[in-house]
Novice: 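Shown below is the structure under consideration.
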Amino acid sequence: MTISRRNLLGTAAAVAVAVKTARAQKPASAANGPLAISSANGIKAVAKAVDLMSRGADPLDAAIAGVNLVEDDPNDMTVGYGGVPNEEGIVQLDASCMHGPTARAGAVASLEGCKNPSKIAKLVMETTDHVLLVGPGARHFATMNGYPVENLLTEKARKVWLYWKQNLSDKDKWLEPDPDHLDPDVRAFIDEFGWDEFRKPQRGGTIHLSAVTPRGDIAGCTTTSGLFFKMPGRVGDSPIIGAGCFTDNDVGSAGSTGRGEANILVSGGHLAVEMMRQGKHPKDACIEVLKRIAATTRERRLLTKAGRPNFGITFYAVSKNREYGSASMYGLGDTGKPRRFAVADAAGARLEECAHLFERLELK
Ligand code: GLY
């Protein structure tokens, strides 16, 4: 997950961003206040969640209100409205949530026409006997709950998708656009995500947010538009309880962004929480999950020449006593800058550096 200039500029007006080093990932000594941690695209989301919890909100209500800001933002092309569509040009969204105090969870996958899959995931949790609804069933459930079908494909996302199609092959009937006369929206997308990068199948984005209240009640939520140009019906880790999101009110909460397939194979969210149960600091719990992913990534197509995973994935975790941390497979993002996560507590909302398993992804 990279922090774009747009994200940073958009954020600066709302919250004071203080970048700290990984060494600063100490227990938040704003000891008894609420705390929220998320991927870096969630700095406004963690601020919102903490604000709500400081006024008595339930941690899941706070988490969902936080991520809704990102789902509603057409400029975040990795989540909700404006998300990059699948290979057919259709935006399909995944989300899950888990409520520590009641030990319940809900999720939706491949949901179309609804900006806020996190809200539908919570409705699955609260109003059904199920945990996960998918595809047309999830859509029908959203409609029954008063969420009309909305167009989620923004003009920018549509142009980017068309550009991807035009560039897919030099053996089809599409002609590649003149690189010197690219549409400004396509140019802006390439500047943010990189052309070579976003053509890789693992490229995408997500927001995970975990929250803990002053009473030590915990919740988590993860929401995403998934991999860019994914196969229709492809589901990543975000709506999989125990992978993209897991919360245990006695221990803590964890979630992830990045290559979902790798996370599903190790049940990373659950594993991080189990590591914390064994006494590991949240940052170290995240590192343990990354080690497990590195050890179980064995297919050559997924490995660098050095035998390391050739994809990015990041975990975020918070414990019941408000220790928090995040770790990424690679410490440096695509732009060469350190990867960061967002955290908010009584000291305000800020970005801090993720710990990492490896420093830099070297594909060659
Ligand atoms: N982690 C998001 C996804 O793989 O869809």
Side-chain angles (χ1 to χ4, degrees), residues 39 60 63-64 67-68 70-72 76-99 104-145 147-153 157 201-210 219-247 254-270 313:
S39 40
L60 186 54
I64 288 185
V67 302
N68 288 164
V70 184
E71 290 176 330
D72 289 342
D76 190 315
M77 297 184 74
T78 71
V79 177
Y81 178 54
V84 175
N86 67 18
E87 63 182 28
E88 303 296 341
I90 297 167
V91 181
Q92 293 187 321
L93 304 178
D94 300 338
S96 66
C97 65
M98 196 153 182
H99 185 241
R104 290 190 301 168
V108 288
S110 292
L111 174 62
E112 296 178 14
C114 178
K115 279 181 190 172
N116 300 120
S118 62
K119 289 185 184 173
I120 311 303
K122 186 162 180 271
L123 282 168
V124 171
M125 181 189 92
E126 289 173 337
T127 70
T128 80
D129 184 38
H130 306 308
V131 171
L132 174 61
L133 293 179
V134 305
R139 179 57 258 172
H140 183 58
F141 179 74
T143 302
M144 286 195 296
N145 278 282
Y147 289 84
V149 176
E150 304 165 281
N151 177 22
L152 305 188
L153 188 67
Q202 63 264 29
R203 188 71 190 179
T206 299
I207 177 169
H208 168 77
L209 191 152
S210 282
C221 177
T222 306
T223 173
T224 189
S225 48
L227 292 184
F228 297 167
F229 320 119
K230 61 193 176 185
M231 291 173 71
R234 178 267 181 187
V235 173
D237 58 332
S238 303
I240 307 298
I241 296 299
C245 184
F246 191 75
T247 303
S256 67
T257 60
R259 182 178 155 79
E261 283 74 5
N263 184 15
I264 292 171
L265 291 171
V266 303
S267 303
H270 183 262
I313 186 161

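By convention here, the first residue in the shown sequence is residue 1.
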Novice: Scan for salt bridge (charged side-chain N to carboxylate O under 4.0 Å, His left out) pairs involving residues 221-246, sequence neighbours excluded, and state none if there are none.
Specialist: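 Checked against salt bridge (charged side-chain N to carboxylate O under 4.0 Å, His left out) - neighbours excluded - the pairs reaching residues 221-246 are R234-E261.
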
Novice: Between F228 and M77, what is the shortest heavy-atom contact and its length?
Specialist: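 Taking F228 first and M77 second, the nearest heavy atoms are CE2-O, 3.8 Å.
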
Novice: Going from CG on N86 to CG on L227, what distance comes out if it is rounded to the nearest 0.5 angstrom?
Specialist: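 Output value for this atom pair is 11.0 Å.
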
Novice: With heavy-atom distances below 4.5 Å as the criterion, would you say the side chains of N68 and S118 are in contact?
Specialist: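 The answer is yes, as the side chains (C-beta and beyond) meet within the 4.5 Å cut-off.
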
Novice: From the options V79, T206, I241, V67, select the one residue that forms a side-chain contact (heavy atoms from CB on, under 4.5 Å) with T222.
Specialist: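 Filter result, single survivor: T206.
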
Novice: For I120 and A142, work out which heavy atoms get closest and say how close.
Specialist: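 Minimum heavy-atom contact is CD1-CB, 3.9 Å.
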
Novice: For residues Y81 and E150, determine if any side-chain heavy atom of one lies less than 4.5 Å from a side-chain heavy atom of the other.
Specialist: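 No. Closest side-chain heavy atoms not under 4.5 Å.
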
Novice: Are the side chain of N263 and the backbone N or O of G268 linked by a donor-acceptor pair below 3.5 Å?
Specialist: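 It does hold such a pair.
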
Novice: Would you give the length of the straight line joining atom CE of M125 to atom CE of M98, rounded to the nearest 0.5 angstrom?
Specialist: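 Here the interatomic distance stands at 9.5 Å.
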
Novice: State the CG-CG distance between N145 and L123, to the nearest 0.5 angstrom.
Specialist: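 Here the rounded value is 4.5 Å.
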
Novice: To the nearest 0.5 Å, how far apart are CD in E88 and CE in M231?
Specialist: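 Spacing of CD (E88) from CE (M231) equals 10.0 Å.
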
Novice: Measure across P85 and G89 and return the closest heavy-atom pair with its distance rounded to 0.1 Å.
Specialist: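 Smallest heavy-atom distance, with atoms named: CB-C, 3.3 Å.
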
Novice: First locate atom OG1 of T223, then atom CG of D94, and finally report the distance between them rounded to the nearest 0.5 Å.
Specialist: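 Atom-to-atom, T223:OG1 and D94:CG are 8.0 Å apart.
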
Novice: Measure from the side-chain N and O atoms of S96 to the backbone N and O of S238, and report whether any donor-acceptor pair falls under 3.5 Å.
Specialist: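 Confirmed, S96 side chain pairs with S238 backbone.
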
Novice: If I compare all heavy atoms of V70 with all of I207, which pair ends up nearest, and what's the gap?
Specialist: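 Heavy-atom minimum between the residues: CG2-CD1, 3.8 Å.
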
Novice: Go through the steps to decide whether V108 and V124 satisfy the test side-chain contact (heavy atoms from CB on, under 4.5 Å), and finish with yes or no.
Specialist: CA-CA 8 Å; V108 288; V124 171; 4.0 Å; yes

Novice: In a table with atom names and distances, give each donor-acceptor pair under 3.5 Å that connects a side chain of residues 109-116 to protein atoms at least two apart or in another chain.
Specialist:
residue : atom : partner : partner atom : Å
E112    : OE2  : Q92     : NE2          : 2.9
N116    : ND2  : E71     : OE1          : 2.9
N116    : ND2  : D72     : OD1          : 3.1

Novice: Between E126 and R104, is the side-chain contact (heavy atoms from CB on, under 4.5 Å) condition met? List the steps.
Specialist: CA-CA 8 Å; E126 289 173 337; R104 290 190 301 168; 4.3 Å; yes

Novice: Could you check whether any side-chain N or O of S225 sits under 3.5 Å from a backbone N or O of L93, counting only pairs where one atom can act as donor and the other as acceptor?
Specialist: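 No, S225 side chain to L93 backbone: no donor-acceptor pair under 3.5 Å.
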
Novice: Of all heavy-atom pairs between D76 and T78, which one has the smallest distance, and what is that distance?
Specialist: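 Closest approach of D76 to T78: OD1-OG1, 2.6 Å.
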
Novice: Quick check: closest heavy atoms across V235 and P239, and the distance to 0.1 Å?
Specialist: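 Smallest heavy-atom distance, with atoms named: CG1-CG, 3.4 Å.
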
Novice: Quick one: list whatever passes side chain to side chain contact (heavy atoms under 4.5 Å, CB included) with T143, sequence neighbours left out.
Specialist: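 T143 satisfies side chain to side chain contact (heavy atoms under 4.5 Å, CB included) with R139 only.
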
Novice: Is H208 reaching over with its side chain to a backbone N or O of C221, donor-acceptor style, under 3.5 angstrom?
Specialist: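 Judged by distance alone, yes, a pair lies under 3.5 Å.
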
